[in-house]
Chemist: 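First, the structure itself, so that you have it in front of you.
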Amino acid sequence: IHFYKRTHRVCKTLPVRQFLKVDLLQARAMSQTKYPAPRRDEAAEDDYHGTKMKDPYKWMEDPDSEETKNFVHEQNKISAPFINSCEERETIKKELTDLWNYEKYGCPHKEGSKYFFSKNSGLQNQSVIYVQDSLEAEPKVLLDPNGLSDDGTVSLKATSWSHDGSILAYGLSKSGSDWTTIKFMNVETGQDFEEEIEKVKFSGITWTHDNKGVFYGCYPDHDLSCATGKDTKSHENQKLYYHRVGTKQSEDVLCVEFTEQPKWMIGATISDCGRYLFVMPSQDCKYNLLYFCDLETVAKDGINSKFALTEIVTEFDADYDFVTNQGSKCVFHTNKAAQNFKLVTIDLANPSMSNWTDIVPEGDDVLEWATGVAGDKLITCYMHDVKNTMQLRDLSTGNEIYAFPMEIGSVTGFSGDIRHKEMFYKFSSQITPGTIYHIDLAGPVPESKVLIQTKVNGFDSSQFKVEQVFIPSKDGTTKIPMFITMRKDFVPDGSSPCLLYGYGGFSISLTPYFSPVHTFFVQHFGIMAIANMRGGGEYGEKWSNSGRQANLQNCLTDFQSAAEWLIDSKYTQKQKLTIYGGSHGGMLVGACTNQRPDLYGAAISAVGVMDMLRFHKFTVGYAWVSNYGCSDVAGEFQNLLGISPLHNIKERDDVQYPAVLLLTADHDDRVVPSHSLKYIATLQNAMQGSAKQTNPLMIRVDTKSGHGAGKPTSKSIEEYTDLFCFLVKSIGIQYRK
């Protein structure tokens, strides 16, 4: 709501200091904090199948009202001084900045005769795109987004090169919004074409192979003045257009629309041969339909009208992604009748499902993705117990030719093309920042060499270690994987602070990756744990289904089981355990805080889905029904009501709430800020009169920021500095050198 090579050697251990307890004066001060008292509209309510639900802060759903702006101001007036009073703040910010300051590379990719890659020199707000004539040639700056705004809040949302590599189509986002403006650049001259494409959202940029234009999805009925990131209106009627480079957007051709399905989003991709256009509508975040058209037939005189599409899949019961093709025989990655995914061949000359053939059948591990390379080869990437493996296969048979040697970690970047006999991939883990490999596929056996080895100043991987544990689920039906990163001198005596991170939704897998934020916590505070709960994609469709909709509680219970295991195994203690998550993970944290406030010292919820009864009414929230269900459906309402973080806040006689910090932003047009605003208002109102509630209950609302993607480096460092300072102040963990 989207993402290491391990080395071992003998090293001198680092002393672990004991951590300070919360100062009693500080606790008393927090118990006397007077939170804002926003207006409660007791008349505001919704009727759900005969059940009336009060919604006294519904007015906060208007982010532009003066009343909402004033509430945000009053909240920041409380949280900012509290956070800024941390004595170690400047030290934490400087050390985090120093750790963040290392070169970060994206995988090079070949377009036409040139190579392109992204690079951030360390503290640049946005990564820069470079071009080079060969891998040995001097790179030159092609596009630097940092010059597009003074504060780095204009970010690069999407890039797509023409088939011959001569033109770059790129999408820009302002202040973290999902709304995108597409522009075009002549790669040779570095000059932009005159036109811009507006009202683009949730869309790829798909080039025709004649290099003349692109397909893109936009919302033509949306008011352009509202496409800023602060409009919360639910989106409807996305349409697929064709744009010819060098012309105005007003001249673009409407190619595909589904007028009877206003909530459908329209994905599109071109076959590797350039002949076939695949159209893949989706109505939420799970499953898609599949149509195609033959461009040699429907566009033989140019693209100038709507396409007549041929149906392949007409029911939302599985996922389908194009992989590659040889003539009319196309390979798709799917979980149709394959919970761990497989590759099937569909002959477009006879695309009926009864004629499909398995080229790579379903196996015991999850097939994450696949792509065509080197003319007649396939690359497949699997996940085994949340760790990646990768293979080279014969495209005609699917048989494995070569298994790439890999240590424990993840493939976090890849580039390869059916036209090229080379490829690149990036491999990472929690304690190794990343290695980019160049693979020569011209010979009978792939030849691998290290192209870029990421180095982080002040970080020595030999002083750290990672454990993977498997925790019995509370219902006894499965085991929950969890990675724990720690310093090698760590002793499980219950004294260490722990930051427990989780997601567990939308079939998204939390595979190993390097994070300067997680690394910083392990260096200077304690241990870092990442739990892989049901609802994610770690073990395929069955795993995902067992943690969504009616089974959503399993995701929450698995997270709570991970917390209990860390405490029972003396990796930490309740008072020093912080749970943390963002987006769906923010909902996870909010719900678990309500259900088990006794289990954690602190809870950090970033851009969380807190109102589970009304989420589908804003922007693209309707697409999350596949994961949550919908309160408009009588049979799903009660389940959501029992979990919704906003609707399950209550004072308890036996325990106070942990220290709570919510993080949101004014331009988040994915999970609108009212989710967090209504939650914190309700929480503070419920606990305001409680003598027991000495832990702080706060929110930090950022400006000119969105859901997270494209956030400038400076803002990210500021946000995580505040997060760490909040923990130092609220639960008394000690910063160590």
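Please read all numbers here as calculations on a predicted model, not as lab measurements.
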Chemist: Charged N to carboxylate O below 4.0 Å: is that the case for E362 and K342?
Modeler: no
Chemist: Between the side chains of R614 and D55, is the shortest nitrogen-to-carboxylate-oxygen separation below 4.0 Å, so that they form an ion pair?
Modeler: yes
Chemist: State, without any angle test, whether S177 and R670 hold a side-chain donor-acceptor pair at a distance under 3.5 Å.
Modeler: no
Chemist: If you apply the rule ring-ring contact (aromatic ring centres under 6.0 Å, His included), what do you find for F278 with Y291, and how did you get there?
Modeler: CA-CA 6 Å; F278 296 101; Y291 303 86; over 10 Å; no
Chemist: Have a look at K239 and tell me which of C218, P220, C255 forms a side chain to side chain contact (heavy atoms under 4.5 Å, CB included) with it.
Modeler: P220
Chemist: Applying salt bridge (Lys or Arg N to Asp or Glu O under 4.0 Å), name anything that partners D317, two or more places apart in sequence or on another chain.
Modeler: K336
Chemist: Kindly assign one of parallel, tilted or perpendicular to the pair Y276 and F292, based on the angle between their ring planes and the thresholds 30° and 60°.
Modeler: perpendicular
Chemist: I'd like to know if D284 pairs up with K263 as an ion pair, taking the criterion as any Lys NZ or Arg NE/NH1/NH2 lying under 4.0 Å from an Asp or Glu carboxylate oxygen.
Modeler: no
Chemist: Which label fits Y501 and H518: parallel for a plane angle under 30°, tilted from 30 to 60°, or perpendicular past 60°?
Modeler: tilted
Chemist: Can you list everything that forms a side chain to side chain donor-acceptor pair (under 3.5 Å) with N340? Sequence neighbours excluded, please.
Modeler: none
Chemist: With under 30° as parallel and over 60° as perpendicular, where do the rings of F215 and Y242 fit, or are they tilted in between?
Modeler: tilted
Chemist: Parallel, tilted or perpendicular: which describes the rings of W179 and H222, with under 30° parallel and over 60° perpendicular?
Modeler: tilted
Chemist: What pairs meet the salt bridge (charged side-chain N to carboxylate O under 4.0 Å, His left out) rule with one or both residues in residues 615-643, with sequence neighbours excluded?
Modeler: none
Chemist: Indicate the ring-plane relationship of F506 and H584, choosing parallel, tilted or perpendicular according to the 30° and 60° boundaries.
Modeler: perpendicular
Chemist: How are the rings of H235 and Y219 set relative to one another: parallel (under 30°), tilted (30 to 60°) or perpendicular (over 60°)?
Modeler: tilted
Chemist: For D666 and T703: C-alpha separation, side-chain torsions, deciding distance, then whether side chain to side chain donor-acceptor pair (under 3.5 Å) applies.
Modeler: CA-CA 5 Å; D666 64 345; T703 59; 5.2 Å; no
Chemist: Is the closest basic N to carboxylate O distance between K58 and D46 below 4.0 Å?
Modeler: yes
Chemist: So do the side chains of Y539 and T478 get within less than 4.5 Å of each other, counting heavy atoms only?
Modeler: no
Chemist: Salt-bridged, K233 to D223, with N to O below 4.0 Å?
Modeler: no
Chemist: With no hydrogens and no angle check, just 3.5 Å: does a side-chain donor-acceptor pair link R548 and N551?
Modeler: no
Chemist: Determine whether the aromatic ring centres of residues F414 and W369 are separated by less than 6.0 angstrom.
Modeler: yes
